[in-house]
Amino acid sequence: MNMKPGQTITHFLIEEQRQIKGATGEFSELVSDVVTACKVISNLVNKGELIGVLGSAGSENVQGETQKKLDILTNEVFIEANEWSGNLAAMASEEMDDIYMIPKQYPRGKYLLTFDPLDGSSNTDVNVSVGTIFSILRCDGEEGTCDKEGAFLQPGTKQVAAGYALYGPSTMLVLTTGHGVNGFTLDMNIGEFILTHPNMQIPEDTREFAVNMSNMRHWEKPVQRYVEECLAGKTGSRGEDFNMRWIASMVAEVHRILTRGGIFMYPIDQKMKDNGTEGKLRLLYEANPMSMIVEQAGGASSTGYERIMDLKPKSLHQRVPVILGSKNEVERLVSYHAE
Ligand code: AHG
Ligand code: MN
Ligand code: MN
């Protein structure tokens, strides 16, 4: 592909579109609108308390989590940027109980968009990196079936594209359309995402893990064993020292892994089982898009028992255990689950 560092994301998308026979441009338009939404969100989180958007909104989402003002605002930004284009059949988000139908005055398209408009939103009030995650599916069903919840319940392997925006020291957008992973940095002066990280690759080996250690006593045995071995370091069975990170923003965590390797875990634990949930992270707009990006960059992603992208979703807000990152470490932990 004609991919040059320094090109704008629009240029990149058009070059990509030219590689696909019969492409109508609808997909590129859709991604462009998502990119616009991410730029608007970047501006909102950047202004922060200057425009009074920090703090709680005093409401809860469908999963009983307290919504931040920014959770609600960023969800609205995504809807506004995407509902009018005629490229979408429907949308689904962490912040909406049901799917979002395209209003009557706009035409409908063949794509479905799912998103977590603000990932890591507990970090907004403390000025730590947050992000946006999105996934694009196609609806090939008959007319009248695409704006139903069932249309969204496709395995991750069916994703047409996935990406995230990271609002950190710089704003970045990382995208895959199924041909590798490319990273763009927002040049605030010209308002464009510029290709700065072509063909991102996750190193196969790592000595860095990310997990919320406060849950250790509740984890299943294979995860406890894996982390205990990391903690034992040089003197333990791994014979090497490991480093640990936990940002509590999955986007920032995955971005670090894409940059220098590592393994990220949000495993199932006894507390979740007691509450009748199957994990912390949501399959359709967190686990699947991140799994596609990680696999496209040469990494692996699993629940511990199954490849995440092979799961057949049961509901819109289904949660799953997530173990992803450097291939050899993920495979090791999966093998512990198999024993
Ligand atoms: P969200 O803000 O969209 O609800 O997601 C937060 C997620 C994820 O980004 C992060 O890895 C994890 O929750 C943090 O969980 P803990 O607070 O349990 O560490
Ligand atoms: Mn999230
Ligand atoms: Mn969120």
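Numbering of ligands and ligand atoms starts at 1, following listing order.
Near S249, with a cut-off below 4.0 Å to any heavy atom, the atoms of ligand 1 are 9 (O). For ligand 1 and D116, the ligand atoms under 4.0 Å from any heavy atom of the residue are 3 (O). In the vicinity of L118, heavy-atom distances shorter than 4.0 Å reach the ligand 1 atoms 2 (O), 3 (O). Heavy-atom contacts of G120 reach the following atoms of ligand 1: 1 (P), 2 (O), 3 (O), 5 (O), 6 (C), 9 (O) (cutoff under 4.0 Å). Residue contact check: E286 has heavy atoms under 4.0 Å from atoms 3 (O), 5 (O) of ligand 1.
The Mn ion (ligand 3) lies under 2.8 Å from an N, O or S atom belonging to L118. The Mn ion (ligand 3) has D116 among its coordinating residues (N/O/S atom, backbone or side chain, under 2.8 Å).
Within a 6.0 Å sphere centred on CD of E339, other residues, nucleotides and ligands contribute more than 12 heavy atoms.
D119 OD1, 3.2 Å is the protein heavy atom nearest to atom 5 (O) of ligand 1. For atom 18 (O) of ligand 1, the closest non-hydrogen atom on the protein side is Y266 OH, 2.5 Å.
The N, O or S atom of E94 with the smallest distance to the Mn ion (ligand 3) is OE2. Nearest N/O/S atom of E286 with respect to the Mn ion (ligand 2) is recorded as OE2. Atom OD1 is the N/O/S atom of D119 found closest to the Mn ion (ligand 2).
Only side-chain heavy atoms of R282 come within less than 4.0 Å of ligand 1; its backbone N, CA, C and O stay farther off. Of the heavy atoms in L281, only side-chain atoms (C-beta onward) come closer than 4.0 Å to ligand 1. At a 4.0 Å heavy-atom cut-off, ligand 1 touches N212 through the side chain alone.
Among L283, V334, I323, L311, the single residue meeting the side chain to side chain contact (heavy atoms under 4.5 Å, CB included) criterion with T303 is L311. For the pairing with T8, the side chain to side chain contact (heavy atoms under 4.5 Å, CB included) check across D187, I194, L13 returns one residue only, I194. When each of L175, T171, T185 is checked for a side chain to side chain contact (heavy atoms under 4.5 Å, CB included) with F193, only T171 meets the rule. With respect to R319, the salt bridge (Lys or Arg N to Asp or Glu O under 4.0 Å) criterion is satisfied by exactly one of E65, E278, E286: E65.
Ring pair W246/F264: centre-to-centre distance below 6.0 Å.
Put simply, the side chain of Y226 reaches to within 4.5 Å of the side chain of E329, judged on heavy atoms. L173 places none of its side-chain heavy atoms less than 4.5 Å from the side chain of K39.
Annotation: S121 places an N or O atom under 3.5 Å from an N or O atom of ligand 1; distance criterion only. Checked against a 3.5 angstrom limit, the closest N/O atoms of S122 and ligand 1 fall outside it.
Judged purely by distance below 3.5 Å, without hydrogens or angles, the side chains of T132 and Y167 pair a donor atom with an acceptor atom.
Ring geometry for F134 against F78 counts as tilted: the plane angle lies between 30° and 60°, on a 0 to 90° scale.
A salt bridge does not link K327 with E204: every distance from a Lys NZ or Arg NE/NH1/NH2 to an Asp or Glu carboxylate oxygen is 4.0 Å or more.
Of all the listed residues (M250, K280, M213), K280 holds the heavy atom that lies closest to atom 12 (C) of ligand 1.
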